[in-house]
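Just so we're on the same page: letters track the sequence lines, and every chain starts at 1.
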There are 2 protein chains.
Amino acid sequence: MRRFLPPLNSLKAFEAAARHLSVTTAAEELCVTQGAVSKQIRQLESRLGVGLFERRANGILLTAAGQQYLPFVTAALDSLDSATEQLQRGTRRRERLLLSVTPSFTSSWLISRIHDFEQQYPHLQVDLISGDGKPDFAGTEVDMAIRCLLPERAGQYHRVLVNERLLLVASPDVLEMKSMLQPLDLLQHRLLTQVTRPGMWDEFLQQLGLEATHATYGAGFEHFFMSIKAAEEGLGLGLIPDFLAQESISKGRLVNPLGLSVMSGFAYYLFCPGYKAELLKVIQFRDWLAQELLSAPL
Amino acid sequence: MRRFLPPLNSLKAFEAAARHLSVTTAAEELCVTQGAVSKQIRQLESRLGVGLFERRANGILLTAAGQQYLPFVTAALDSLDSATEQLQRGTRRRERLLLSVTPSFTSSWLISRIHDFEQQYPHLQVDLISGDGKPDFAGTEVDMAIRCLLPERAGQYHRVLVNERLLLVASPDVLEMKSMLQPLDLLQHRLLTQVTRPGMWDEFLQQLGLEATHATYGAGFEHFFMSIKAAEEGLGLGLIPDFLAQESISKGRLVNPLGLSVMSGFAYYLFCPGYKAELLKVIQFRDWLAQELLSAPL
DNA sequence: CGTGGGGTATGAGTTTTTGGAATGTCTTTG
DNA sequence: CAAAGACATTCCAAAAACTCATACCCCACG
């Protein structure tokens, strides 16, 4: 168990600088001068024999080596921090896992399963907040985010969760009133729209060979979970991601009258900042999620 | 992400001392004097406001707090060490997971499944060595051990894997020669014994209401996997743990003529030194093992 | 095209921390 | 009761880390 560890304080400096991509703000976080941090980093680099940063006039960038190293250093320091805090409090407070998830995914999928995660990892306290735009972890404590967005930002960990398949759904009551036996009947109904997905129905109708211009649109909603409610209430036909509609369908509140669906081209992704990709709690949630998605085919 | 970390070098001292339960040998490992380590530990304790060791004249003991803290500190330092090594080699060498397992468990159960583990965790290189006595991790790099022994040593992590059920087995050929229709027929056969389990047959026979003194014993073997081979060769009747005999039975090389079995009171346990209980690789193996044992009922 | 500003590196000197050696204390053992 | 083994402590030297001031680099902007 003889170890060859670099000077640990210089790791602290490296980690802070790498997280902020700035020596100066790292120095602020550590309550020392900028020069001190700079020297610590140099020392670490020469000790390791590996360059960790690329120095630019307007800041620093992580080298490939630095990017490889950072998540592990962050994970180690983080776990020391939380172990130390627990020790001092004497009480074993549960560690927090803070997730930012779209409202639809939360209410239609996550909430009913999160209990299972909590049972499996009782030492974690899961906190859910809803979020929608591009995931931005800077200045927040959010550990991971789930979004229906393509990954853009470099240096973020991401992983596809599900490719979105939209199902045509309607309340059974609605179908009793106006029958729906062939795609053409669609045009007899109000179509519930998503304000964030203007072309959604157009694409769908086009695939069926229908003229989008003949369609009648009903209310528009920001989130799918609202459209689900609306469809259940008989306000019109919805076009809803399969895994979100699943519950309502299995409970008979919605049906997919013609068995029609379409791949929307969107997908749900899991994001987290690169430097958190190796945190134990993050790994655990990630694995659990993967398993749930595998074991609960749609 | 502002952290409150204790001085990291003092953690190094604490961790080494706690692993060795000795300030002096920790000092040797760290290549400093005993006094230096002693001071570092004191510093850490006063900084944390928590006593980590109980000082005795003949050595040191971990307090409850120290025992709680140690695995996390070890895990963090260990992961820093391995990340640093990977960084310096430039090459991502796989991390090693060294297991010490009884020969029988290895050959009859583990080997056929370990491939699955390696696929699931490709970053780990599993090395298997066989071992038998009480698990002793001092001075070795063994991460975990599997033994058929009750846990004794305090401070070791342990977890029961399976309670041992012994099946009566015989080669089909043997049964053709001498039939076996009732327990009494047992006494017509040679009974293969385990040199490590003197009372094994006695208990079994007793449960069936037979006089052990009337039994004829055949060869004795050190390990069950040898007895399995012997039984397959028709050397006599074996009394073999169910999960070890499973494969031979399903392939028809052995049969359990009367459907008899007995709980031996022994159990297989997984062990690892307490300070390694939080290592990522250890957690991963532990979880995989649990799942395999659950999903492969006997 | 020079200049200011934001960012980083560096050098000298000072402060803080750490380590070594020797010594002290305590306890177990023969 | 002396000796040995283990940890704590004290004093001092050495090393490390920090600050301050300054130099440097590049980009943006007038």
Asker: Please determine whether any donor N or O and acceptor N or O are separated by less than 3.5 Å between the side chain of B:Lys39 and the base of C:dT17.
Answerer: no

Asker: Round to the nearest Å and state the distance from A:Phe14 atom CZ to D:dA17 atom C1'.
Answerer: 20 Å

Asker: If you find the nucleotide of DNA chain C closest to A:Asn9 and the one closest to B:Gln34, which residue's nucleotide is nearer the 5' end?
Answerer: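 Closest to the 5' end, via its nearest nucleotide, is A:Asn9.
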
Asker: Heavy-atom nearest nucleotide on DNA chain D for A:Ala36 versus B:Ser22: which residue maps closer to 5'?
Answerer: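 Of the two residues, B:Ser22 wins.
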
Asker: Per the salt bridge (charged side-chain N to carboxylate O under 4.0 Å, His left out) rule, which among A:Arg96, A:Arg94, A:Lys281 passes with A:Asp127?
Answerer: A:Arg96

Asker: For A:His20 and C:dG6, give me the distance from atom NE2 to atom C1', rounded to whole Å.
Answerer: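 The distance from NE2 of A:His20 to C1' of C:dG6 comes to 17 Å, rounded to the nearest Å.
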
Asker: Calculate the interatomic distance between B:Leu62 atom CG and D:dC7 atom C1'; express it in whole Å.
Answerer: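 These atoms are roughly 15 Å apart.
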
Asker: Roughly how many Å is it from CZ in A:Arg56 to C1' in D:dA28, rounded to a whole number?
Answerer: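 Computing the A:Arg56:CZ to D:dA28:C1' distance gives 17 Å.
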
Asker: Can you tell me if the side-chain N/O atoms of A:Thr24 get under 4.0 Å from OP1 or OP2 in C:dT8?
Answerer: yes

Asker: Mind calculating the distance between CD (B:Glu28) and P (C:dG20) to the nearest angstrom?
Answerer: 13 Å

Asker: Whether B:Gln40 contacts C:dG19 is assessed here as follows: a side-chain N or O lying under 4.0 Å from the phosphate OP1 or OP2. Is that the case?
Answerer: yes

Asker: To the nearest angstrom, how far is A:Leu8 atom CG from C:dT18 atom C1'?
Answerer: 14 Å

Asker: So, the side chain of A:Lys276 versus the backbone of A:Val282: is there a donor-acceptor pair under 3.5 Å, distance only?
Answerer: no

Asker: When you compare the side chains of A:Glu15 and A:Thr74, does any donor N or O come within less than 3.5 Å of an acceptor on the partner?
Answerer: yes

Asker: Looking only at side-chain atoms of A:Val32, point me to the closest of C:dC26, D:dT19, C:dT10.
Answerer: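 My answer, after comparing the listed nucleotides, is D:dT19.
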
Asker: Check whether any side-chain nitrogen or oxygen of A:Thr33 sits under 4.0 Å from OP1 or OP2 of D:dT19, and answer yes or no.
Answerer: yes

Asker: To the nearest Å, give me how far apart CD (A:Glu54) and C1' (C:dG7) are.
Answerer: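 For the pair A:Glu54 CD and C:dG7 C1', the rounded distance is 16 Å.
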
Asker: If you take the centroid of each ring, where Trp contributes its six-membered ring, are A:Phe117 and A:Phe285 closer together than 6.0 Å?
Answerer: yes

Asker: Which residue, A:Arg42 or A:Asn58, contacts DNA chain C at a nucleotide closer to its 5' end, judged by nearest heavy atom?
Answerer: A:Asn58

Asker: Out of A:Gln86, A:Gln284, A:Glu118, which residue meets the side-chain contact (heavy atoms from CB on, under 4.5 Å) rule with A:His123?
Answerer: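 Single side-chain contact (heavy atoms from CB on, under 4.5 Å) partner of A:His123 among A:Gln86, A:Gln284, A:Glu118: A:Gln284.
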
Asker: Can you check whether B:Arg55 has a side-chain N or O nearer than 4.0 Å to OP1 or OP2 of D:dA8?
Answerer: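 Answer is yes, contact under 4.0 Å.
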
Asker: Reckon B:Gly59 touches a base, only the sugar-phosphate, or nothing at all at heavy-atom distances under 4.0 Å?
Answerer: sugar-phosphate

Asker: Rounding to a whole Å, what distance do you find between B:Ile60:CD1 and D:dA8:C1'?
Answerer: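 One finds 12 Å between C1' of D:dA8 and CD1 of B:Ile60, rounded.
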
Asker: So which nucleotide from D:dT9, D:dA17, C:dT8 ends up closest to the side chain of A:Gln43?
Answerer: D:dA17

